[in-house]
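Below is one structure, written out as C-alpha cells; the observations come after it.
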Amino acid sequence: MRHTLATLQESRIREVANAGMGRSDVLPFWFGESDEVTPQAIRDAAVESLQRGETFYSHNLGLMELRERIAAYASRLHGPVGVERVAVTSGGVNALMLAMQALLDAGDEAVAVTPVWPNLTAQPLVMGARLRCVPLRPQADGLWALDLPALLAAITPATRLLILNAPNNPTGWTLSAEEQRAILDHCRSTGTWVLADEVYERLYYEPTANGCAPSFLDIAGPEDRLVVVQSFSKAFLMTGWRLGWLVMPPSLTHHMGKLIEFNTSCISVFTQRAGLAALAHEAEITPRVVAHLRSCRDTLVPLLQALPGVTVAPAKGGMYAFFRIEGHDDSLALAKRLVAEAGLGLAPGTAFADEAEGWLRWCFASQDTGRLVQGVERLKKWLGV
C-alpha cells in the first residue's frame, strides 16, 4: 500500500456522523445535501430509460444529447460554451479527481484556498503533489474573506494548479468578478491551471442578472488553462445520482475521455436521461430550490445570532451556516458532544482546515424549516440559555 494512502486523514464529518447514524433521536445536519427527494420528472426519466432497456455502455464523454444540453445551459448562464469542451462525469467528486489526474504529476505544486471541502485538499495528495494552502480569514461579523494579495503571491511559475471552491463549502464565501479576473490574469502570467469547483453557483442569494454566482466561465476564453467542475447534486436535488460535468479547453477533452475510460468507462444511460430531464425542467426546479434554501438560511441564521456567544453571518452562497460558539475551541469534540448530549448532528470545522478549528457547519437544506427551529432549540437547551 502507498504511504500516501496510509497517511490520508479520514473524513471527520463521517467520524461525527458515524457516531449518530441509526439513532432516531438525532437531527442530522452534517452532510451537504437536502433531505428533499429528487423531483418526480427526473426520477420518471430514469425509470422510463430502464424500461426501454437502456442498460448498456455509453460514450466515454457522455451522451451527445446531454453534452449539448449542458453546453446550452452553461452558454445561457455564462456566454458561449461549445459542446467540444464538455465531459459528463460520475458526479462532481469524480470530475474533480479526473481534473487532478489530468493536470498533476507527482511532485507538482498545487495551491488551494481553504477552509474547503476536504476532498479538494486530499486529491492532490493522492496524486503525489505538494500542496500549499492560502487561508480565508474570519471577520468579526462571521463572514470569511480572501487576502487576494496573499493568494497571488503564493501562485508562482512553479505552481501547476490553483484549486478554488466558490461559493465555498463550508464558509459561504464567494469570489467577486473582480477577484476572479485578477486571479485569472495572474495565472495566465504564471502558466498556472485553475481548477474551479463551482457546484454551488446556482445556490447564490445576491441579486444577479443570470441567477448565479460569478463564474470563471464569464471571463475566460476557450483555450485558457481553466477547468470548471459542475454537478447536478445541489441545484437539482440529485446527490445520490452521481452525475456531474467538466468544462475545459477543447484540446483537453479527448484526453479526459481516456481518463474516464480508465476510471469508470462511462456514465449509466438511465442516469444521463435523468440529467436531461433535470435540464429540461430547470426553470421550474432550480429557482424553487434556491428560494426555499434562502428561506432556510433566513430562518436559521437569525436564530443562531440570537444565542449568546454565537458568531455567524448569512452566507452569500451555498447551503451552510458556518458558526462558532465562544468558549468551545475543539470543534470535533464539540460536534461529538452535540450528537451524544443534544441529539444534534453538525460537521466540525476542523474537517475543512486547521484555520476553521472551533467552527461548526450546519447544512440548512431542510425541506421542513421547522426542523431547523427544533435544532436551534436543542442547541439552546444544551447551552443552558
Side-chain angles (χ1 to χ4, degrees), residues 5-33 35 112-122 125 131 133 135-144 165 168-173 297 300-301 303-313 315 318-366 371-385:
L5 178 59
T7 56
L8 274 179
Q9 181 178 287
E10 295 183 62
S11 169
R12 288 173 176 166
I13 305 170
R14 282 280 181 183
E15 185 176 342
V16 173
N18 289 342
M21 280 187 173
R23 283 182 48 184
S24 60
D25 61 329
V26 174
L27 288 174
F29 302 105
W30 38 49
F31 294 143
E33 66 176 348
D35 59 4
V113 174
T114 56
V116 73
W117 183 52
N119 289 44
L120 283 169
T121 49
L125 301 180
L131 181 66
C133 295
L136 302 170
R137 297 299 184 191
Q139 310 302 296
D141 59 1
L143 290 173
W144 290 65
N165 166 228
N168 174 257
N169 172 12
T171 66
W173 160 78
R297 181 198 66 168
L300 176 62
V301 171
L303 293 174
L304 289 175
Q305 289 174 327
L307 297 178
V310 169
T311 300
V312 63
M319 55 171 62
Y320 310 106
F322 203 51
F323 69 102
R324 67 176 304 143
I325 305 172
E326 185 178 353
H328 295 274
D329 296 326
D330 186 332
S331 61
L332 182 60
L334 175 58
K336 288 182 175 180
R337 286 189 63 190
L338 288 172
V339 169
E341 301 169 14
L344 182 61
L346 306 176
T350 188
F352 304 96
D354 289 344
E355 61 268 18
E357 180 58 287
W359 292 71
L360 295 167
R361 189 194 72 175
W362 186 318
C363 179
F364 54 68
S366 179
R371 292 178 71 251
L372 302 173
V373 176
Q374 185 182 358
V376 174
E377 287 300 314
R378 292 188 182 191
L379 178 59
K380 184 177 180 180
K381 182 178 178 181
W382 186 84
L383 289 170
V385 297

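Quantities reported herein were computed from a predicted structural model and do not represent experimental measurements.
Within the 4.5 Å cutoff, side-chain heavy atoms of L332 are placed close to those of V16. Counting heavy atoms from C-beta outward, P28 and R371 have side chains that approach closer than 4.5 Å. Using a 4.5 Å cut-off on side-chain heavy atoms (C-beta onward), L360 and H328 make no contact.
With values rounded to the nearest 0.5 angstrom, W117 atom CH2 is found 9.0 Å from Y320 atom OH. Atom CG of L143 is separated from atom CG of L136 by 11.5 Å, given to the nearest 0.5 angstrom. The distance from the CG atom of L338 to the NZ atom of K336 is 13.0 Å, given to the nearest 0.5 Å. A distance of 13.0 Å separates CD in E326 from CG in L307, rounded to the nearest 0.5 Å. The structure places CG of L304 at 11.0 Å from OG1 of T311, a figure rounded to the nearest 0.5 Å. To the nearest 0.5 angstrom, R361 atom CZ is 9.5 Å from L346 atom CG.
Put simply, the side chain of Q139 gets close to the backbone of R137: a donor and an acceptor are under 3.5 Å apart. Remark: side-chain polar atoms of S331 are paired, donor with acceptor, to backbone N or O of T350 under 3.5 angstrom. In this structure, Q305 contributes its side chain and V312 its backbone to a donor-acceptor pair below 3.5 Å.
The ring-ring contact (aromatic ring centres under 6.0 Å, His included) test applied to W362 returns F29, not counting sequence neighbours. Every side chain to side chain contact (heavy atoms under 4.5 Å, CB included) that A353 has, sequence neighbours left out, goes to T114, P115, E355. Residues passing the ring-ring contact (aromatic ring centres under 6.0 Å, His included) test with F364, sequence neighbours excluded: none. Looking at residues two or more places apart in sequence or on another chain, you find a ring-ring contact (aromatic ring centres under 6.0 Å, His included) between F322 and W144, W359.
When all heavy atoms are compared, the tightest approach of T121 to V116 is CG2-CG1, 3.8 Å. Smallest separation of non-hydrogen atoms from V339 and G20: CG1-CA, 3.8 Å. In plain terms, the two heavy atoms of M21 and W30 that are nearest each other are N-CH2, 4.2 Å. Looking at every heavy atom in both residues, A351 comes nearest to R12 through CB-CB, 3.8 Å. The two residues G358 and R324 make their nearest non-hydrogen contact at O-CB, 3.3 Å. The minimum heavy-atom distance between V301 and A313, with the atom names listed, is CG1-C, 4.1 Å.
Atom CG of D354 sits in a sparse spot, with 12 or fewer heavy atoms from other residues, nucleotides or ligands closer than 6.0 Å.
Residue pairs that meet the side chain to side chain donor-acceptor pair (under 3.5 Å) test with at least one member in residues 376-385, sequence neighbours left out, are E341-W382. Evaluation of the salt bridge (Lys or Arg N to Asp or Glu O under 4.0 Å) test over residues 23-32, restricted to residues two or more places apart or in two chains, returns R23-D25.
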Checklist entry - Are L379 and I325 close enough, and set up right, to give a side chain to side chain contact (heavy atoms under 4.5 Å, CB included), and what steps lead you there? => result CA-CA 11 Å; L379 178 59; I325 305 172; 4.0 Å; yes
